[in-house]
Amino acid sequence: MTSKEYDTTPRADTPESNGGESAARSNFIREIIDEHNRSGRFGGRVHTRFPPEPNGYLHIGHAKSICLNFGLAQDYGGKCNLRFDDTNPIKEEQEYIDSIITDVRWLGFDWQERLFYASDYFGQLYEWAVKLVKDGKAYVDHLSADEIREYRGTLTQPGKESPYRNRSVEENLDLFERMKNGEFPDGTCVLRAKIDMASPNLNMRDPVLYRILHAEHPRTGNAWCIYPMYDWAHGQSDSIEGITHSICTLEFEDHRPLYEWFIQNLGIYAPQQIEFARLNLTYTVLSKRKLIQLVREGYVRGWDDPRMPTISGIRRRGYTPEGIRLFADTIGVAKANSTVDLALLEYCIRQDLNKRAPRKMAVLRPLKVVLTNYPEDQVEELEAVNNPEDSDAGTRKVPFSRVLYIERDDFMENPAPKYYRLAPGREVRLRYGYFIKCVDVIKDGQGQIIELHCTYDPETRGGTAPDGRKVKATIHWVSAAHAQEAEVRLYDNLFTVPDPGADETRPFTDFINPNSLEVLTTCRIEPSLAGAKPGERFQFERLGYFAADPDSTESRLVFNRTVTLKDEWAKIQKQQG
RNA sequence: UGGGGGAUAGUUCAACGGCAGAACGACGGGUUCUGGCCCCGUUAAUCUUGGUUCGAAUCCAGGUCCCCCAGCCA
């Protein structure tokens with residue numbers, strides 16, 4: 001394995017290569033890059049990487065990092081690699097590699113031919129380890145894992161040197177080679193760097209470089225039985241790829257001196273590690289461990305359950321790459337730990353969907369309405385606007401007839417204050433249709449409202465009255481004879497509290513929202529929705545944004561509610577108690 | 001009690017010695033054939049104590065609080 005060539009010439013062919021700032025909002029990383037461009041440290045290059053370990057599915061927190069790394073490269077006319085940090089075969093699987101590739105691509109980013117794996121560098125990494133041994137800077141340690149921990153000391157006390165620390169170069173070379181050749185079982189010994197057992201930074205107390213793992217690797221199979229630790233692999237992988245800015249999360253700040261020690265003692269190209277605060281979101285969890293638990297213990301249907309904060313989950317839910325990128329840009333990047341309000345994510349998604357989602361009419365909880373003065377067999381085709389935000393979206397025809405369904409919520413027998421939808425004796429407008437007035441409320445034996453009798457005003461076709469009278473509300477509807485039946489899944493926060501992990505005396509699963517999923521099976525949707533393909537997104541007017549689910553069949557569509565519309569009436573109701 | 005980081009409206013992020021600003025949220029209003037979108041307005045912050053300076057969120061000193069580190073995980 002040889003180190004890769006990388007281009008160190010300034011990228012004069014790209015628009016942002018004059019060392020200049022771009023239009024994006026300022027942040028501390030851009031300032032560092034700008035400074036590097038001024039000083040010429042990287043010759044004006046900007047080359048980042050997104051380096052996931054393929055041990056799970058990507059989530060919205062990773063999206064922040066992906067948008068940051070790829071976004072910086074785009075803005076500065078640079079490059080961004082996708083690199084799998086696959087140094088621990090015990091946890092990693094091809095399934096995860098595949099899903100990560102899918103997700104990053106879906107988010108809208110392109111690494112071109114630069115898809116790499118830390119395992120691509122196992123050979124080079126081994127050679128560099130041999131060099132360190134030869135330089136007297138690494139040794140094979142036969143202390144057990146427990147002993148290593150004891151010898152490491154504590155936060156306040158220095159560590160002790162291992163009795164094996166001063167083996168000869170020859171012995172270390174021999175032992176290390178035999179480690180590689182598989183002569184020792186797992187856990188027998190490790191290769192450690194010889195740095196400083198008294199360092200106040202525990203990462204510098206002779207960190208382990210290689211451990212013995214007789215495990216099959218998704219990519220290298222059984223070629224290796226020793227595997228590099230993160231610290232030994234990461235910086236050198238960055239170096240090999242010519243990365244300029246190695247952006248990682250805050251918990252690696254303590255690792256930076258080690259990152260630099262390896263690079264320096266190997267005498268190889270030095271990238272700059274920069275740390276930023278990872279994303280936290282209210283009403284959700286983003287730790288891999290907790291996400292796995294939700295899946296394994298059946299709290300959700302899988303990694304792609306629309307309630308999950310995984311990329312595959314929010315994709316299925318109907319979130320858009322554009323919306324997620326807008327979110328990443330909006331939250332910015334800094335070093336302070338923070339928790340972003342979920343409302344901001346939802347705002348960004350609505351913002352994007354509002355511009356692009358075709359409008360449709362759908363009734364979630366149907367209430368039958370008979371227009372008693374409308375001709376029995378008449379059907380009209382009413383013209384509806386597909387998207388008021390996009391004049392190019394055109395119009396469509398929606399069938400209208402004597403028997404309709406409206407939303408149960410759009411009728412109130414004893415209307416509350418400020419409720420201005422349909423009520424006995426009250427007139428409202430049917431969207432794109434006529435004014436109707438409720439004249440009779442039909443109930444069953446239990447007193448449940450089962451049907452409304454209304455009259456329509458033929459003069460109001462198109463939605464305006466010739467006499468100029470106004471109505472307070474416009475409600476959506478579908479024609480009973482023409483509507484299709486569909487299933488709609490409504491989602492609420494997976495957790496009932498803003499920070500489910502805050503109480504350390506209780507498991508986070510105690511705070512799971514029992515009502516996070518509501519399945520409605522008798523919804524009626526306008527006929528033009530027939531044939532909607534999984535993944536297609538719509539706005540159901542007055543209800544929210546919805547995406548067709550892969551569970552849909554030819555005969556029966558299933559929709560996920562992506563996010564509600566802002567709902568002024570819901571707010572008023574809340575205030576009214 | 002070692003080391004490394006951090007602290008600006010309710011939330012997230014700007015301001016880099018010179019008028020503390022934006023977005024979201026909340027509240028109020030306008031507009032409207034979606035109680036949506038859009039528009040306008042109100043609310044609301046520099047952790048603390050000193051110091052330097054004509055002038056400090058920004059520089060200096062002390063303090064407080066929060067986060068991370070003792071994997072053969074990443």
Side-chain angles (χ1 to χ4, degrees), chain A residues 25-27 31 51-53 55 85-88 90-92 141 143-145 148-150 152-159 186-192 199-205 207-213 226-227 229-231 233-234 248-257 275 277 279 282 288 329-348 350-351 354-355 359 361 384-385 388-389 418-421 428-433 435 462-464 470-476 498 539-544 564-572:
Chain A
R25 182 153 53 137
S26 151
N27 65 53
E31 282 182 15
E53 183 190 15
N55 68 344
D85 228 332
D86 56 346
T87 57
N88 185 358
I90 291 168
K91 290 185 171 180
E92 297 154 8
D141 194 353
L143 247 28
S144 71
I148 286 182
R149 190 184 324 117
E150 283 171 34
R152 186 154 29 225
T154 69
L155 295 177
T156 51
Q157 292 171 316
D186 291 3
T188 311
C189 53
V190 294
L191 186 75
R192 300 178 72 177
S199 172
N201 181 347
L202 303 228
N203 294 117
M204 302 299 275
R205 318 242 262 229
V208 173
L209 269 35
Y210 277 95
R211 74 283 217 191
I212 301 171
L213 250 30
I226 57 170
Y227 289 92
M229 298 289 288
Y230 163 86
D231 286 304
H234 201 91
C248 60
T249 44
L250 251 28
E251 65 270 28
F252 293 102
E253 270 177 323
D254 287 345
H255 294 242
R256 189 172 356 111
E275 312 84 14
L279 174 70
T282 55
K288 215 165 261 185
D329 289 343
T330 305
I331 60 176
V333 52
K335 296 197 72 158
N337 289 309
S338 61
T339 302
V340 177
D341 193 335
L342 188 60
L344 181 58
L345 211 207
E346 296 190 333
Y347 166 82
C348 292
R350 285 191 193 105
Q351 197 71 183
N354 178 50
K355 289 178 293 187
R359 314 285 126 123
M361 290 200 285
V385 174
E389 306 294 318
K418 290 188 182 168
Y419 182 87
Y420 48 80
R421 277 113 91 149
V428 299
R429 173 168 39 229
L430 293 177
R431 182 83 158 144
Y432 302 120
F435 286 10
T464 49
K470 303 287 185 198
V471 289
K472 292 273 278 186
T474 300
I475 65 173
H476 60 278
Q539 183 194 102
F540 291 173
E541 293 213 37
R542 304 207 305 129
L543 297 174
T564 61
L565 253 27
K566 271 181 65 182
D567 189 347
E568 192 65 27
W569 170 238
K571 204 183 282 179
I572 293 167

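Treat the numbers as computed from the prediction; the structure is a model and nothing was measured. Throughout, protein chains are lettered first and strands after them, A, B, ... in sequence-line order, and every chain is numbered starting at 1.
- Remark: A/Lys288 pairs with A/Asn55, A/His62 by the side chain to side chain contact (heavy atoms under 4.5 Å, CB included) rule, at least two apart or across chains.
- Legend: residues meeting ring-ring contact (aromatic ring centres under 6.0 Å, His included) with A/Phe435, ordered by chain and number and at least two apart, are absent.
- Nucleotides B/rG18 and B/rU58 have their C1' atoms positioned 11 Å apart, rounded to a whole Å.
- A salt bridge does not link A/Glu53 to A/Lys91: none of the charged nitrogens lies less than 4.0 Å from a carboxylate oxygen.
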Please produce a list of atom pairs where a protein N or O lies less than 3.5 Å from an N or O of nucleotides 67-74 of chain B.
from, atom 1, to, atom 2, distance (Å)
B/rC67, O2', A/Asn337, ND2, 3.2
B/rA70, O2', A/Arg152, NE, 3.4
B/rG71, OP2, A/Arg149, NE, 3.3
B/rG71, OP2, A/Arg152, NH2, 3.2
B/rC72, OP1, A/Arg152, NH2, 3.2
B/rC72, OP2, A/Arg152, NH1, 3.2
B/rC72, N4, A/Leu143, O, 3.1
B/rC72, N4, A/Ala145, N, 3.2
B/rC72, N4, A/Gly187, O, 3.3
B/rC73, OP2, A/Arg211, NE, 2.9
B/rC73, OP2, A/Arg211, NH2, 2.9
B/rC73, O3', A/Arg211, NH2, 3.0
B/rC73, O2', A/Asn88, ND2, 3.0
B/rC73, O2', A/Lys91, NZ, 3.4
B/rA74, OP1, A/Thr87, OG1, 2.7
B/rA74, OP1, A/Arg211, NH1, 3.3
B/rA74, OP1, A/Arg211, NH2, 2.9
B/rA74, OP2, A/Tyr230, N, 2.9
B/rA74, N6, A/His255, NE2, 3.3

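- Base orientation at B/rG50 is anti, since its O4'-C1' glycosidic dihedral falls outside 90° of 0.
- Nucleic acid contact for A/Arg421: base, since at least one base atom lies under 4.0 Å from a heavy atom of the residue.
- Evaluation of the side-chain hydrogen bond (donor to acceptor under 3.5 Å, both in side chains) rule for A/Thr474 yields A/Arg429 as partners, not counting sequence neighbours.
- Residues forming a ring-ring contact (aromatic ring centres under 6.0 Å, His included) with A/His476 (at least two apart in sequence, or on another chain): none.
- Using atom P as the reference point in both B/rA15 and B/rA9, the two lie 16 Å apart (nearest Å).
- Rounded to an integer number of Å, the gap from A/His476 NE2 to B/rG36 P is 15 Å.
- A/Tyr227 comes within 4.0 angstrom of no nucleic acid atom, judged by non-hydrogen atoms across all strands.
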For nucleotides 20-31 of chain B, 5' to 3', base contacts (B), sugar-phosphate-only contacts (S) and non-contacts (-) with protein non-hydrogen atoms under 4.0 Å give ----S-SS----
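- Using a 4.0 Å heavy-atom criterion, one finds that A/Arg256 contacts no nucleic acid atom at all.
- Within 4.0 Å (heavy atoms only), A/Val471 reaches no atom of the nucleic acid at all.
- A sub-4.0 Å separation between OP1 or OP2 of B/rU11 and a side-chain N or O of A/Ser338 is absent.
- Applying the ring-ring contact (aromatic ring centres under 6.0 Å, His included) test to A/Tyr347 and every residue at least two apart in sequence or in another chain returns nothing.
- In this entry the distance linking CG of A/Asn354 with P of B/rC37 reads 7 Å, nearest Å.
- Look at the C1' atom in both B/rU52 and B/rC60: the space between them is 7 Å, to the nearest Å.
- Secondary-structure annotation of RNA chain B gives the stems B:2-7 with B:64-69, B:10-13 with B:21-24, B:25-30 with B:38-43, B:47-51 with B:59-63, with a stem taken as at least 3 successive Watson-Crick or G-U pairs whose two distances both fall under 3.5 Å.
- Nucleic acid contact for A/Thr339: sugar-phosphate only, since backbone atoms but no base atoms lie under 4.0 Å from a heavy atom of the residue.
- In this structure, the side chain to side chain contact (heavy atoms under 4.5 Å, CB included) partners of A/Pro257, at least two apart in sequence or on a different chain, are A/Asn201, A/Met204.
- Separating the CG atom of A/Leu342 from the P atom of B/rU12 is a distance of 14 Å, rounded to the nearest angstrom.
- The nucleotide whose nearest atom lies closest to any side-chain atom of A/Glu253 is, among B/rU12, B/rG5, B/rC37, B/rG5.
- Between atom CG of residue A/Leu250 and atom CG of residue A/Asn337 there is a gap of 5.5 Å, rounded to the nearest 0.5 Å.
- Scored by the side-chain hydrogen bond (donor to acceptor under 3.5 Å, both in side chains) test, A/Ser144 finds A/Glu147 as partners (sequence neighbours excluded).
- Scanning for side-chain hydrogen bond (donor to acceptor under 3.5 Å, both in side chains) contacts around A/Thr249 gives A/Glu251, with sequence neighbours left out.
- With both ends at atom C1', the span from B/rU11 to B/rA45 equals 12 Å, rounded to whole Å.
- A/Lys418 meets the side-chain hydrogen bond (donor to acceptor under 3.5 Å, both in side chains) test with no other residue; sequence neighbours excluded.
- As judged by a 4.0 angstrom heavy-atom cut-off over every strand, A/Leu565 is placed among the base-contacting residues.
- Here A/Gln351 does not reach the OP1 or OP2 of B/rG36: none of its side-chain N or O atoms lies under 4.0 Å away.
- Nucleotides B/rU31 and B/rA26 have their P atoms positioned 22 Å apart, rounded to a whole Å.
- As rounded to whole Å, 10 Å separates atom C1' of B/rC13 from atom CG of A/Asn27.
- In this structure a side-chain-to-backbone donor-acceptor pair under 3.5 Å is missing from A/Ser199 to A/Leu202.
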